[in-house]
Colleague: 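First the structure, then my questions, so here it is.
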Amino acid sequence: MADRGDSAGRVARDGLRARVIVPALATAALITGAVGTTSAMASGPTAPKATVASGSCSDPVVTDGYDGFRVGVPRGWNLQSTGGLITVAKDYTGQTNGFIQTAYVTRGQSVRGFFTKVLAYLAKITSTGSTTLAFHVTGGTTATATGRVGSVAVSGKASVRVIGVSANGHSELGIVSGYFAPTSQVGPERNELASIGGCYAPARGTLFRFFRDSQFAYVMPAGWGVIERSDLLFLHDGANASANYLFVGPLLESSSGVTDNQSLLSYSMKEAGVTVDKLLLTESGPTQIASNGGTEQEVFYYFLGHVGSKAIHGEARAISSVGSGAISGVVRFALTTPDLWNSLNGGLMWAALSIQHSFSGDLAQIQQAQEQQAGFAQQVAGFDQALNGTDLVEDPSTGAQYEAPYSDYQTGPDGPGYYVGSPGSEQKLTVLTR
């Protein structure tokens with residue numbers, strides 16, 4: 001379920017369509033300096049310490065303080081979270097994965113009914129291309145998984161548990177966790193795989209504040225820094241992690257050598273000073289017909305590389321528009337040092353997907369772009385999204401607006417709600433929309 005070519009992580013269409021505007025003369029020195037030699041990637045947060053639990057949780061534990069959860073991640077495996085779905089993959093074949101899907105249990109809904117709906121959703125979004133996955137409920141809270149990843153038969157298990165939560169309009173959180181691996185290998189991998197979901201627990205999330213200026217609209221947590229030019233924006237969490245946006249073009253195909261989405265992404269990353277050492281995963285979306293009669297396409301990279309002398313782990317997405325011998329595009333990427341990737345990539349990509357250029361930047365479109373990329377709507381098959389679900393909230397004393405993850409809902413000095421500020425000086429936030 002981590003293989004984005006054939007899984008629930010499949011790249012969705014970007015809500016922002018690249019348009020031909022004033023040429024973005026993105027000089028290599030400017031962008032490389034921003035990413036490579038300024039505070040965006042210089043020195044920063046240390047890696048979170050992994051802890052080992054007991055019982056059903058025996059894997060090292062990684063905590064994501066942005067989306068708000070902790071989960072088991074076997075050493076050397078990779079964690080990603082998108083739109084409520086958490087996947088922990090052994091490698092990039094898509095064959096050995098643990099997964100957790102969280103959602104709120106609708107009032108009056110049985111646990112079995114909830115479990116069945118979530119499994120049906122997971123089977124639907126996973127069964128694409130050369131991958132198929134099916135679940136068979138064997139009891140009220142357990143199920144078996146069978147399917148294929150390409151020519152490899154896979155099997156596994158899934159289960160559900162429900163915990164009480166204090167959330168805006170909800171009192172129960174359903175947690176569907178499971179795993180699958182090649183049938184011949186699932187036995188030796190079983191304990192590590194089962195421990196991924198066994199370690200799962202909700203945690204406090206982070207408020208992302210909404211910003212808008214003459215060029216960009218975006219969201220980011222308090223304490224992040226900003227580097228901005230006319231057609232590029234870098235948001236950085238300390239020095240070893242950044243969320244980035246570049247508008248590139250129009251470039252003439254005849255003189256630039258950029259002729260399609262993949263070459264546009266390679267060109268943009270080179271201009272940004274990002275060198276790919278190992279391409280871990282790539283996918284190209286289907287070609288679409290643009291409003292100007294040209295074509296549009298999206299491409300995704302997941303890679304290891306470096307910026308200057310600093311090793312990085314990264315994710316990049318580009319959507320391009322080609323027509324009349326010219327190509328333009330929007331490139332978004334998230335970068336961290338390798339030791340920070342598992343704990344930070346979800347929050348960084350969420351920030352990168354929020355960035356909207358001045359020609360389309362407002363809060364509603366930020367939400368739409370994030371939801372489309374997450375691939376998981378606020379309401380799916382009769383249950384509410386939990387992870388990466390957000391409320392729009394406002395500080396009544398300052399007018400500052402935030403995206404508040406559901407996991408940040410708490411009981412504070414003025415009752416249940418969302419709060420901003422340090423202990424003793426919390427300000428309750430007003431919910432604007434659900």
Colleague: In this structure, is the centre-to-centre distance between the rings of Phe210 and Tyr218 below 6.0 Å?
Modeller: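 Centroid distance Tyr218-Phe210: not below 6.0 Å, so no.
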Colleague: Between Ile196 and Tyr179, is any pair of side-chain heavy atoms under 4.5 Å apart?
Modeller: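 They are not in side-chain contact.
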Colleague: List for me each residue that meets side chain to side chain donor-acceptor pair (under 3.5 Å) alongside Thr183, sequence neighbours excluded, and say none if there are none.
Modeller: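 Side chain to side chain donor-acceptor pair (under 3.5 Å) check on Thr183 returns Ser155.
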Colleague: Return the set of residues passing salt bridge (Lys or Arg N to Asp or Glu O under 4.0 Å) with Lys90 (not counting sequence neighbours), or none when no residue passes.
Modeller: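 Testing Lys90 for salt bridge (Lys or Arg N to Asp or Glu O under 4.0 Å), a comparison that skips the adjacent residues, returns Glu189.
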Colleague: Using a distance-only test with no angle check, is there a side-chain donor-acceptor pair under 3.5 angstrom linking Ser343 and Asp64?
Modeller: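 The criterion, which ignores hydrogens and geometry beyond distance, is not satisfied for Asp64 and Ser343.
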Colleague: Between Ser159 and Thr141 (side chain of the first, backbone of the second, donor and acceptor by atom type, cut-off under 3.5 Å), is there such a pair?
Modeller: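 A pair under 3.5 Å: no.
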Colleague: May I ask you to decide if the ring planes of Phe216 and Tyr245 are parallel, tilted or perpendicular, using 30° and 60° as cut-offs?
Modeller: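 Taking Tyr245 first and then Phe216, their aromatic rings stand perpendicular (interplane angle over 60°).
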Colleague: Evaluate salt bridge (charged side-chain N to carboxylate O under 4.0 Å, His left out) for Arg190 paired with Glu192, printing each intermediate quantity in order.
Modeller: CA-CA 6 Å; Arg190 191 183 311 277; Glu192 281 188 313; over 6 Å; no
Colleague: Quick one: does Thr336's side chain get under 4.5 Å of Ile312's, heavy atoms only?
Modeller: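 No, every pair of side-chain atoms sits at 4.5 Å or beyond.
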Colleague: Does the side chain of Leu246 reach to within under 4.5 Å of the side chain of Phe333, using non-hydrogen atoms?
Modeller: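 Heavy-atom side-chain distance check passes, below 4.5 Å.
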Colleague: Is it true that Tyr66 and Asp237 share a donor-acceptor pair across their side chains at a distance under 3.5 Å?
Modeller: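 Side chains of Asp237 and Tyr66: pair found under 3.5 Å.
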Colleague: Listed by chain and number, what are the side-chain contact (heavy atoms from CB on, under 4.5 Å) partners of Thr116, not counting sequence neighbours?
Modeller: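 Scan of Thr116 (side-chain contact (heavy atoms from CB on, under 4.5 Å), adjacent residues dropped) gives Arg112, Val137.
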Colleague: Side-chain donor-acceptor pair under 3.5 Å between Gln185 and Gln95, yes or no?
Modeller: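 There is no such pair (donor and acceptor under 3.5 Å, judged by atom type) between the side chains of Gln185 and Gln95.
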Colleague: Sub-3.5 Å donor-acceptor pair from the side chain of Arg70 to the main-chain atoms of Cys199, do we have one?
Modeller: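 Yes, Arg70 side chain to Cys199 backbone: donor-acceptor pair under 3.5 Å.
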